[in-house]
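Quick notes on the structure that follows.
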Amino acid sequence: LVAADLETPLGGGQTSLRVGLEQPVLPLGLLAVRVGGYTEEGDFNLTGGLGTRLGPVKVDVAGVWADKAISGLYLTAGLQF
């Protein structure tokens, strides 16, 4: 899966671009690898993560690399109907 997103705030502000690639590595969506990036204040930051899905339960772990260092780690979980 390849995705791109261009976001322009309605109230004014800076436009940002997000791009990403997701590749399942196990059958049935049990494990997927994700890489991507986004623009922020003129800089391009890289992202990477892993996701798993078991029935309606979805869990994702991601990291953001900015200024040649990890600048954030994120864990999300949810139910998908």
Side-chain angles (χ1 to χ4, degrees):
L1 173 67
V2 177
D5 178 318
L6 185 64
E7 182 180 292
T8 303
L10 294 176
Q14 190 165 5
T15 298
S16 65
L17 171 68
R18 292 184 213 123
V19 294
L21 173 68
E22 177 179 312
Q23 178 63 47
V25 292
L26 290 178
L28 305 174
L30 292 177
L31 183 65
V33 175
R34 298 185 182 100
V35 294
Y38 64 95
T39 59
E40 183 178 86
E41 298 177 4
D43 293 330
F44 188 77
N45 301 314
L46 295 174
T47 62
L50 296 172
T52 186
R53 186 176 302 170
L54 186 57
V57 177
K58 184 177 179 181
V59 178
D60 293 299
V61 177
V64 176
W65 288 265
D67 298 324
K68 299 179 183 175
I70 295 176
S71 64
L73 293 173
Y74 302 92
L75 172 68
T76 58
L79 296 173
Q80 188 172 16
F81 297 94

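Bear in mind the structure is a predicted one, so any value in this text is a computation, not a measurement.
Inter-residue side-chain proximity for Val57 and Leu79 is flagged as met; some heavy-atom pair is nearer than 4.5 Å. A heavy-atom distance below 4.5 Å is found between the side chains of Thr15 and Leu6. Looking only at side-chain heavy atoms (C-beta outward), Val59 and Leu75 come within less than 4.5 Å of each other. The closest side-chain heavy-atom distance from Val64 to Leu46 is not below 4.5 Å. Side-chain contact check for Tyr38 versus Asp5: every heavy-atom pair is 4.5 Å or farther apart.
Looking at every heavy atom in both residues, Gln14 comes nearest to Pro9 through O-CD, 3.5 Å.
Leu50 is not connected to Leu73 by any chain of hydrophobic side-chain contacts under 4.5 Å among Ile, Leu, Val, Met, Phe, Trp and Tyr, and they are in different clusters. If you chain together hydrophobic residues whose side chains sit under 4.5 Å apart, Leu1 and Val19 never meet in one group.
A donor-acceptor pair under 3.5 Å is formed between the side chain of Thr52 and the backbone N or O of Leu30. Proximity of a side-chain donor or acceptor of Thr39 to a complementary backbone N or O of Leu17 within less than 3.5 Å is detected.
Here the OG1 atom belonging to Thr76 is positioned 7.5 Å from the NZ atom belonging to Lys58, to the nearest 0.5 angstrom. The distance from the CG atom of Asp60 to the CZ atom of Arg53 is 8.0 Å, given to the nearest 0.5 Å.
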